[in-house]
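Index from 1, following the sequence. These values consider heavy atoms only, across backbone and side chains, with no hydrogens, waters or symmetry-generated copies.
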Amino acid sequence: MIEILNPTLLARARDAGALVADILQTLKSRSTIGTNLLDIDRWAKAMIVEAGATSCYVDYAPSFGRGPFGHYICTAVNDAVLHGRPHDYRLADGDLLTLDLAVSQGGIAADAAISFLVGDARPPESVAMISATERALAAGIAAAGPGARIGDISHAIGTVLTEAGYPINTEFGGHGIGSTMHQDPHVANTGRPGRGYTLRPGLLLALEPWVMADTAQLVTDADGWTLRSATGCRTAHSEHTIAITEDGAEILTLPKQG
């Protein structure tokens, strides 16, 4: 299913996107050395409930997971990259943490992810990998606009990631979003320009470049959800929800300035 939102629904999407961005930035500020992943999940739940929004994750039970996800946010540490299920783990100095959050407000969903380093340690390879996903995300957004094609976005993202030296996995990528979290079209993190669905004003997309340092192969954790790098290498993931408008791409999950 591909949804095209009218102006009323687009306004709701902006509200949902602002909420996701605000929650992620709050959680980032609270994610310090010694913070337990289960506390992050509890904080996320409290903020979602207080806002009158609905979690897109807690009851989510797709074919690739083992039963309902059961948590309010994805917390992926170091070699975990996608669908990180919160568990009893306390963050250490230099951990690379990814927070991925999707909520629905007013019947419209928004989805975003941020990767950052905990504490004061700044391993250069981790800094570079996070930067690569952020630059790839910016390139994908720049390629999105009315009349562009999905392949244009995929090509822009893939070019940045490939030039940075990272293998690219195409099993999971960006996606359409709207009244539900995951919709068509699929947006792979590499592709050929000029191919795929033509973007129209009112379309929402969640773009999410993610990489693993030295492999494109994933393994599933014992929890049935968390996806990790097959080699145990570190990973990074950046994501925004955007709306296609007459003027280009509007980022709905951009944090407030200041």
Side-chain angles (χ1 to χ4, degrees), residues 1-30 40-62 65 68-75 82-83 86 98-114 137 140-141 144-146 150 153 172-187 197-208 237-258:
M1 177 177 66
I2 297 178
E3 291 183 345
I4 301 299
L5 273 59
N6 61 36
T8 298
L9 294 179
L10 183 56
R12 296 181 189 175
R14 292 188 179 100
D15 290 340
L19 177 62
V20 167
D22 181 61
I23 292 175
L24 284 176
Q25 291 305 306
T26 299
L27 294 176
K28 179 181 179 180
S29 70
R30 295 182 182 178
I40 296 175
D41 187 51
R42 284 190 284 268
W43 296 334
K45 176 182 178 180
M47 285 184 278
I48 292 169
V49 171
E50 182 181 2
T54 303
S55 168
C56 293
Y57 292 161
V58 69
D59 295 324
Y60 188 50
F69 186 70
H71 293 272
Y72 290 77
I73 190 167
C74 294
T75 57
L82 297 174
H83 314 153
T98 297
L99 301 177
D100 189 350
L101 178 69
V103 303
S104 178
Q105 192 170 46
I108 302 296
D111 189 1
I114 54 174
L137 178 56
I141 293 169
I150 291 296
I153 298 174
F172 297 93
H175 51 90
I177 187 169
S179 60
T180 57
M181 175 174 58
H182 283 150
Q183 300 181 356
D184 291 331
H186 173 69
V187 188
Y197 181 78
T198 301
L199 309 186
R200 298 166 51 192
L203 175 70
L204 298 190
L205 295 172
L207 307 183
E208 46 182 318
H237 177 195
S238 296
E239 179 179 15
H240 273 311
T241 294
I242 65 171
I244 305 303
T245 74
E246 296 287 356
D247 300 319
E250 177 184 351
I251 305 174
L252 304 183
T253 49
L254 196 65
K256 298 175 183 176
Q257 300 298 315

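Partners of Phe172 according to the ring-ring contact (aromatic ring centres under 6.0 Å, His included) rule, which considers only residues two or more places apart in sequence or in another chain, are Phe64, His83. Residues that satisfy the side-chain hydrogen bond (donor to acceptor under 3.5 Å, both in side chains) test with Ser179, not counting sequence neighbours, are Glu3.
Atom-to-atom distance recorded for Thr98:OG1 and Glu208:CD is 11.0 Å, nearest 0.5 angstrom. Of the inter-residue distances, the one linking Ile141 atom CD1 with Thr241 atom OG1 reads 9.5 Å to the nearest 0.5 angstrom. In this structure, Ile177 CD1 and Leu207 CG are separated by 10.5 Å, a value rounded to the nearest 0.5 Å. To the nearest 0.5 Å, atoms CD1 (Ile114) and NE2 (His240) are separated by 9.5 Å. Expressed to the nearest 0.5 Å, how far CD1 of Ile251 lies from CG of Leu137 amounts to 7.0 Å. Annotation: the span from Leu205 atom CG to Leu199 atom CG amounts to 6.0 Å, rounded to 0.5 Å.
In this structure, the side chain of His175 engages the main chain of Met181 through a donor-acceptor pair within 3.5 Å. Side-chain atoms of Ser104 never come within 3.5 Å of backbone atoms of Thr54 as a donor-acceptor pair (strictly under, hydrogens ignored). No donor-acceptor pair under 3.5 Å is formed between the side chain of Arg12 and the backbone N or O of Ile108.
Looking at Gln25 and Lys256, their side chains never come closer than 4.5 Å, going by heavy atoms from C-beta outward. Under the 4.5 Å side-chain criterion, counting only non-hydrogen atoms from C-beta, Pro185 is in contact with Ile2.
Here the closest non-hydrogen pair linking Ala13 and Leu252 is CB-CD1, 3.8 Å.
Counting non-hydrogen atoms of neighbouring residues, nucleotides and ligands closer than 6.0 angstrom, the CZ atom of Arg200 reaches no more than 12 such neighbours.
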